[in-house]
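To start, the structure itself, in structure tokens.
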Amino acid sequence: MTTDLPKAYRPIDFEGAVYERWLAADVFAPDGAGSRADDAKPGFVIIQPPPNVTGSLHLGHAQRTAVEDLLIRHARMQGRPTLFLPGLDHASIAAQVVLDRIIAAEGETRGSLGRERYLERMRAFSDSTKPVMLGQQRRVGASADWGRLRYTMDDGSARAVRVAFERLYRHGLAYRTEALVNWCPGCRTSVSDLETIPTPETGTLWFVRYHLVDEATGEPSASETITVATTRPETILGDTAVAVHPDDGRYATLVGRRVRIPFVERTVEIIADDVVDPAFGTGAVKITPAHDQDDRATGLRHGLPAITVLDEAARVTREGGPYEGLDRYEARARIVDDLRGRGDLEAERPHEMIVGRCQRSNDVVEPRLMTQWFVRTGPLAARALDSTRSGRTRILPARFEKTWEHWLTNIRDWNVSRQLWWGHRIPAWYCPDGHITVSAEEGGPAACEACGRPAAELEQDPDIFDTWFSSGLWPFSTLGWPDDTPDLRRFYPTSVMETGYDILFFWVARMMMLGLHLTGAEPFHTVYLSGLVRDPYGKKMSKTTGNVVDPLEVIDESGADALRFALIHGAAPGMDQRFGPAKLDNARNFANKLWNATRFVVGARPATIAPDARRRAPDPDRLGPTERWIRSRAAAATEAANSALAELAFGEMTRVLYDAIWTEFCDWGIELAKVRLADDDSSPGEREATWWTLVEALDTYLRLLHPVMPFVTETLWGALPHAADDPDLLIVARWPSPSGGVRDEATERDLTAVLDLVRAVRNARAEAGIEAAAWLAADVAVPRALASTVGALKPAISRLARVRPLTLHASRDGLGGREGTPPEGLAVVAGSLEALVRRPAGEPRDADRTRLARELAEAEGFLATARARLANESFMSRAPAAVVEGARAREAELADQVERLRSRLAE
RNA sequence: GGGCGGUUAGCUCAGUCCGGUCAGAGCGCCUCGCUUACACCGAGGAAGUCGCAGGUUCGAGUCCUGCACCGCCCACCA
């Protein structure tokens, strides 16, 4: 069974082969040939958040995959039927932005290629990125069911989109209307509110005089004017009213009068409306219903016309009269100049304001009046809120529930129309009479629903869906919805949705809303929100900043296990983490440690055990304190890891395992065990028991660590003896059960005392400046309670503290020095144990005295605090009995310590 | 304008929900050491008034209030 391990830990040498073995064993699919899933156990399902096909993965994706794969591997080892369904997202707008850049380099544009050729290019482009991305996932170690790989642009997804939309439409939850949408002149499409980033800017507030119309002549008056304040003079061209507050005395007499809009020479009315803030500007506002949300609402209330003066490129339209064809900012400058020329620019001053910019292109988004499709979110959001409030779906970390609440309670209808090409075409057809037919049929409707006109006379909506619409169906469209498939029945609802908090609204909320309405069930019971991976300086990683790290480079260098461990170890849920070489090195070193520890154990097999022996539990009658301690600590680690995992506290879990393996198992466990393994005095049976103990603990640790570091643990586990009922591969081996462990608290206590003594002796030696290699004679006084443990560990203490000969005494008298003969040594007081280490002849004693004096002062300080506490009546009467008891015990211990230190110092 | 998060060793961060052995880790730093698993190592060590000010409590990084910076999210005031 045991195979030879290479001396050096070189992940690149084995990770690929390990992955091949998993694939060959067919263990990823829930019903794969190698699956050891028990169908009686609850299933565990993760539908992977599909990365965009825009290129390659970054560290954020690697983190995503690491966490998801951790959950999946853990569930798989528990014997639960698991499904990790991988996927890719077509990312319509993001992909178009990328492709636009690529074709621009070839001197082409969207327009020059045309819709069909452009889409062809896009398909070719995404076909080229897909394998790269899937290869990256594989290198990270994703144990996904590749046979179920899905794509948001595949036929299944397309059909789900059409059916979903048709149902929403029939249920009155999707509607088409003219509304002001966020228009990006750069991308030439509308974008959602979420994609419009409010950006602070210093603009200008211009005060413009409008001339009232002299009702007698019908001409603008030279003297009668009203001054409005605006930050956007170019929209003057589309003004259809001026508004003042109804209670504003300054303008009371002007309400109902008319003014002449300059340049376009339109005559509009002065109206009164509550929306106007009399304290802002002049208290009079120009109203441009086609280019401002507030004005649109005001216009609707007052029946004002809406005149669009900016086109899809944000150039002035024919309605703009003399300014037609000018870009919005050129027009603005010209209009300001012209107003100044007319003497109608009363004032201008800098103004701090917020403008909306496009998330993709950073262009200033223009409110634009268009007829588009919307999803009515009110009823959908209400159900989503109910799901989290009732706890049917929980969000972790819990604080995000507040954000969730706030967003969903203030949600506005969702504009799903995009004037892009790459995506799912909206399945709505219009007939010449203006009737709408929505159809989920692949070829479209046969005829107009309303008037029966044949399909040939119908025209399909040219727009496509917001990319998040198809993403919103992801948890069930991937399982066969809208059909009632076996997969859907078996794996839906899914278990955990792991993703970054930055797409909580974009994606999670949409999945929840659409999932609840279309399937009647919450699509997942837990939302686990990860933080963002940032660069070492805290900057968000982005291609434009150039600080993006390719996971493959990291994996080539340090291994996938190190990358995964570092990403998980360094993170707390929902908190961003800075990621740099330090964390990675630490993780790699840890893997190396594990590697070498295993190499040692494998190599330390007693000759009496056959190389191909089956793993068995150590003989309980041959266990010494060391063995009992190692087993107990492994059991403790199992408990701690399990409870951390239950809370999805992955960072906590790796911390537990890191300490257990490195500090406890390697630094102490193996070092202690070496003694019995090498000691000629120990019997073959004892040596075997020690070795089996090491194997057992290591086996447990490798299992516990496998979900985080799958490659190295699989490799190392393969080098250890397996039990009769173990599978060949760790990936499907049983998860350690906490009850299977053997906690032994008495042994743990005793060992703590012994290890403290060893540490104290080492410390004393170091402080005294004694040569590390020197063997010194030592006497140790051992209280009765520790006699048996210390007796059994005598050779180990001797080795670890480098003391020889070592003599044990039943009382302090045995240490000598008290009566007359001054001790020639280092006095060491550690808990209830006390040692006297003989110094080499001629060494001065000052350092030792200094150390003792410092320890005494420290102990006295603690003792004083402890006594003050016990003297506090409130504490004694109000604190719980257990706490008081603990305080008493500590006081006694400290008092003893102080007494002994004093007496040592007095010698 | 609301809301949330952060402020703990030189640096990067756990710990705060469930108050008392929690003052921790990694990196860095100092002193030793190539002891046949590991120098991607081992042994020892230095290092923090847990942002500030109040409050609750026998007891507070841990709960409450206020404040100060830093960051994020939401938000139709021209």
Side-chain angles (χ1 to χ4, degrees), chain A residues 5 7-9 180 193-194 198 205-206 228-232 235 243 275-277 279-288 292-297 351 353-354 356 367 397-400 402-403 405-407 410 412 501-502 504-505 532 536 538 558 562 566 569-572 574-583 585-604 647 649 651-652 655 658-659 666-667 670-671 674 758-759 762-767 769-773 799-800 802 869 872-880 882-884 886-887 890:
Chain A
L5 288 169
K7 187 164 162 53
Y9 168 63
L180 271 190
D193 295 340
L194 283 173
L205 189 60
W206 285 278
V228 298
T230 181
T231 55
R232 307 200 49 201
T235 64
V275 80
V276 180
D277 174 4
F280 187 88
T282 62
V285 193
K286 57 190 268 329
I287 302 294
T288 322
D292 182 276
Q293 291 288 357
D294 278 337
D295 292 3
R296 163 85 175 150
H351 183 61
M353 50 195 259
I354 307 283
R399 66 184 143 85
F400 281 101
K402 261 188 204 169
T403 329
E405 282 269 338
H406 181 258
W407 193 75
N410 295 293
R412 296 202 290 163
Y501 64 78
D502 55 333
L504 180 62
F505 307 140
L532 273 33
S558 309
H569 190 62
M575 297 297 296
D576 295 353
Q577 68 166 315
R578 297 185 192 200
F579 194 86
K583 284 180 181 173
D585 286 347
N586 179 234
R588 200 259 331 270
N589 294 351
F590 179 53
N592 179 64
K593 188 73 183 178
L594 197 60
W595 181 271
N596 283 295
T598 307
R599 261 190 350 111
F600 169 76
V601 171
V602 169
E647 295 173 39
E652 177 60 23
R655 253 163 261 129
Y658 184 94
D659 275 354
C666 293
D667 290 348
I670 288 183
E671 293 308 316
K674 276 179 183 173
V758 170
R759 249 190 301 262
R762 285 170 171 174
N763 172 326
R765 293 174 55 125
E767 288 210 29
I770 291 170
E771 205 186 327
R799 175 187 162 117
L800 297 181
R802 219 167 173 80
R869 242 175 138 199
N872 182 334
E873 257 180 59
S874 314
F875 173 74
M876 297 303 282
S877 57
R878 301 198 198 201
V883 173
V884 174
R890 179 152 169 78

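So you know, we letter chains A, B, ... as the sequences are listed, proteins then strands, and number each from 1. Note that this is a predicted model, so its numbers are computed, not measured.
Comparing C74(B), A78(B), A37(B) against the side chain of F280(A) picks out A78(B) as the nearest. Comparing U12(B), A78(B), A75(B) against the side chain of P198(A) picks out A75(B) as the nearest.
Put simply, CG on D585(A) is 16 Å from P on A39(B), counting in whole angstrom units. The nearest whole Å value for the distance from the CG atom in D502(A) to the P atom in C74(B) is 10 Å. Nucleotide G42(B) holds its C1' atom 13 Å from the CG atom of N596(A), rounded to whole Å. In this entry the distance linking CG of N410(A) with C1' of G2(B) reads 10 Å, nearest Å. What separates CG of L504(A) from P of C74(B) is a distance of 10 Å, to the nearest Å. Rounded to whole Å, the distance from CZ on R599(A) to P on C41(B) is 14 Å.
Ionic pairing of E652(A) and R655(A) is present here: one or more N-O contacts between side-chain nitrogen and carboxylate oxygen are shorter than 4.0 angstrom.
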Any chance you could encode RNA chain B as dot-bracket? Rule is Watson-Crick or G-U wobble with both distances under 3.5 Å; [ ] for pairs crossing earlier ones, | for another strand. ((((((((.[[[[.)....(...]]]].(((((.......))))).....[[[[[..)....]]]]])))))))....
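The residue Q577(A) sits apart from the nucleic acid: no heavy atom pair falls under 4.0 Å. Among the protein residues, V228(A) comes within range of no part of the nucleic acid, since none of its heavy atoms lies under 4.0 Å from any strand. At a threshold of 4.0 angstrom between heavy atoms, the contacts of L194(A) are confined to the sugar-phosphate backbone, with no base atom among them. Residue contacts for K7(A): at a heavy-atom cut-off of 4.0 Å it reaches the sugar-phosphate backbone alone, with no base atom in range.
Nucleotides G19(B) and G55(B) have their C1' atoms positioned 15 Å apart, rounded to a whole Å. With both ends at atom C1', the span from G48(B) to G61(B) equals 11 Å, rounded to whole Å. If you take atom C1' in C52(B) and the same atom in A43(B), they sit 41 Å apart, rounded to whole Å. Nucleotides U65(B) and U57(B), compared at atom C1', are 16 Å apart to the nearest Å. Comparing the C1' positions of A68(B) and A53(B) gives an interatomic distance of 10 Å, to the nearest angstrom. To the nearest whole angstrom, the two C1' atoms, one in G71(B) and one in G28(B), are 26 Å apart. Here the separation of G15(B) from A78(B), taken at their P atoms, is 41 Å to the nearest Å. Annotation: U21(B) and U16(B) have their P atoms spaced 14 Å apart (nearest Å).
Between atom CG of residue D193(A) and atom CZ of residue F505(A) there is a gap of 12.5 Å, rounded to the nearest 0.5 Å.
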Each nucleotide in nucleotides 14-27 of chain B should get exactly one letter: B, S or -. Can you fill that in based on protein heavy atoms under 4.0 Å? S-----B-----SS
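The two residues P198(A) and I354(A) have their closest heavy-atom pair at CB-CG2, 3.5 Å.
Donor-acceptor pairing under 3.5 Å, judged by distance alone, is present between the side chain of K593(A) and the base of C38(B). Looking at R588(A), its side chain comes within 3.5 Å of the base of C40(B) through a donor and an acceptor atom. Put simply, the side chain of N592(A) and the base of C38(B) share no donor and acceptor less than 3.5 Å apart.
A donor-acceptor contact closer than 3.5 angstrom links the side chains of D576(A) and Y501(A). Residues R599(A) and N596(A) have side chains that bring a donor and an acceptor to within less than 3.5 angstrom of each other.
In this structure a side-chain-to-backbone donor-acceptor pair under 3.5 Å is present from R765(A) to R802(A).
Nucleotide G61(B) carries a syn base; the chi torsion (O4'-C1'-N9-C4 or O4'-C1'-N1-C2) is within 90° of 0.
A cation-pi geometry, defined here as NZ or CZ lying under 6.0 Å from the six-membered ring centre and within 45° of its normal, does not hold between K593(A) and Y658(A).
Here K402(A) does not reach the OP1 or OP2 of C73(B): none of its side-chain N or O atoms lies under 4.0 Å away.
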Sort me out a list of protein N/O and nucleotides 43-47 of chain B N/O pairs below 3.5 Å, or just none if empty.
{"unit_1": "A43(B)", "atom_1": "O3'", "unit_2": "R762(A)", "atom_2": "NH1", "d": "3.3"}
{"unit_1": "G45(B)", "atom_1": "OP1", "unit_2": "N763(A)", "atom_2": "ND2", "d": "2.8"}

